[in-house]
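Throughout, protein chains are lettered first and strands after them, A, B, ... in sequence-line order, and every chain is numbered starting at 1.
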2 protein chains.
Amino acid sequence: MKNDSEQKIEECYCPIQKTLALIGGKWTLSIIRELSSGSKRFSQLQKSLPGISPKTLSSRLQELEKEAIVAKQVFPEVPPRVEYSLTSKGEGLKKVLQDLLKWGTENLKEGY
Amino acid sequence: MKNDSEQKIEECYCPIQKTLALIGGKWTLSIIRELSSGSKRFSQLQKSLPGISPKTLSSRLQELEKEAIVAKQVFPEVPPRVEYSLTSKGEGLKKVLQDLLKWGTENLKEGY
DNA sequence: CGGTATCCTGGCTGATACTG
DNA sequence: CAGTATCAGCCAGGATACCG
């Protein structure tokens with residue numbers, strides 16, 4: 001009763017590695033969490049994530065945008081305004097994160 | 001219909017980070033995959049994972065053992081024999097990896 | 001065989017300054 | 001405001017040698 005699903009994993013790990021590489025960055029999950037509650041501007045994200053450098057934030061945002069996890073909307077105003085938000089893919093990713101959270105909570109040793 | 005599960009993620013990411021840190025190592029998934037098909041010896045793992053250094057293999061194995069993902073069994077023989085295998089926790093982790101694989105396959109851009 | 005001890009390197013990240 | 005450019009530091013991981 002577990003054979004069907006178990007086979008796949010043993011054959012192909014590449015998409016898993018890619019997914020981990022994508023969400024495994026130091027700040028990536030935090031960024032996704034911040035955007036879970038609605039779209040935010042670059043500077044808002046910076047304030048919400050104490051310690052992140054603009055360079056890192058920019059990089060992570062670009063990666064996530066490239067994979068269509070977050071959407072970037074530019075408002076042609078002065079001063080410039082840019083808003084980032086989760087796409088439906090990003091919402092789907094949250095599902096996976098739930099499972100990760102569940103497993104981690106149930107199986108990881110505490111007390112660090 | 002999605003509110004209940006989504007809340008948690010926005011409140012606590014620590015176990016997710018820990019889980020990612022645990023399985024995010026360069027070779028960790030491959031090690032788990034190798035052990036999926038049954039217990040293996042240190043040297044067998046080395047052969048199955050071309051390019052891994054004994055130091056790295058040892059480190060990953062220790063981490064996984066520490067979190068009870070893999071079990072280490074020492075046979076007091078000459079020459080020494082040690083076998084590593086997945087524990088039930090490790091099997092449970094495979095479930096999560098399935099979801100990761102599914103999401104990655106469906107949502108990640110191809111062509112690298 | 002099954003590791004540990006050392007040394008070393010590349011890439012990610014942080015800090016900071018600067019620009020459109 | 002929303003980034004990019006530049007430089008420096010840390011650390012996972014690689015190479016290699018050695019040990020019980």
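- In this structure, B:T87 contributes its side chain and B:A71 its backbone to no donor-acceptor pair below 3.5 Å.
- The closest side-chain heavy-atom distance from B:V82 to B:F42 is not below 4.5 Å.
- As rounded to whole Å, 8 Å separates atom P of C:dG2 from atom CD of B:Q44.
- If you take CD of B:Q46 and P of C:dG2, they are 9 Å apart, rounded to a whole angstrom.
- At the heavy-atom level, A:E77 lies nowhere under 4.0 Å from the strands shown.
- Note on B:R81 versus B:E83: salt bridge recorded, some NZ/NE/NH1/NH2 to OD/OE distance being below 4.0 Å.
- A salt bridge does not link A:E63 to A:K66: none of the charged side-chain nitrogens sits closer than 4.0 Å to a carboxylate oxygen.
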Full working for side-chain contact (heavy atoms from CB on, under 4.5 Å) between B:V70 and B:I32: CA-CA 8 Å; B:V70 310; B:I32 293 174; 5.5 Å; no

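- Put simply, the side chain of B:K40 gets close to the backbone of B:E34: a donor and an acceptor are under 3.5 Å apart.
- Within the 4.5 Å cutoff, the side chain of A:Y84 has no heavy atoms near those of the A:L64 side chain.
- The nearest whole Å value for the distance from the CG atom in B:L61 to the P atom in C:dC1 is 17 Å.
- Scanning DNA chain D 5' to 3' for nucleotides with an atom closer than 4.0 angstrom to a non-hydrogen atom of chain B gives a first and last hit of D:dG13 to D:dG20.
- Between B:Y84 and C:dG3, a side-chain N or O to OP1/OP2 separation shorter than 4.0 Å is present.
- Within the structure, a side-chain polar atom (N or O) of A:R60 is placed less than 4.0 Å from OP1 or OP2 of C:dT13.
- Within the structure, every side-chain polar atom (N or O) of B:K40 is placed at least 4.0 Å from both OP1 and OP2 of C:dG2.
- Contact annotation: the side chain of A:P54 approaches that of A:Q46 to within less than 4.5 Å [non-hydrogen atoms, C-beta and beyond].
- Of the residues in residues 48-55 of chain B, those with a non-hydrogen atom less than 4.0 angstrom from any atom of DNA chain C are B:P54, B:K55.
- Side-chain proximity of B:P80 to C:dG3, C:dG2, C:dT13: nearest is C:dG2.
- When the P atom of C:dG3 is taken as reference, atom CG of B:L64 falls 13 Å away, rounded to whole Å.
- Between the side chains of B:T56 and B:S59, no donor-acceptor pair is found at a separation under 3.5 Å.
- In this structure, CG of A:L57 is placed 11 Å from P of C:dG14, rounded to the nearest angstrom.
- Residue A:E83 is out of contact with every strand shown, counting any heavy-atom pair closer than 4.0 Å.
- Side-chain contact between B:S85 and B:Q73 is absent, with no heavy atoms from C-beta onward closer than 4.5 Å.
- Judged by distance alone, the side chain of A:T105 and the main-chain N or O of A:L101 form a donor-acceptor pair under 3.5 Å.
- Contacts between residues 20-28 of chain B and DNA chain D, counted as heavy-atom distances below 4.0 Å, involve B:G25, B:K26, B:W27.
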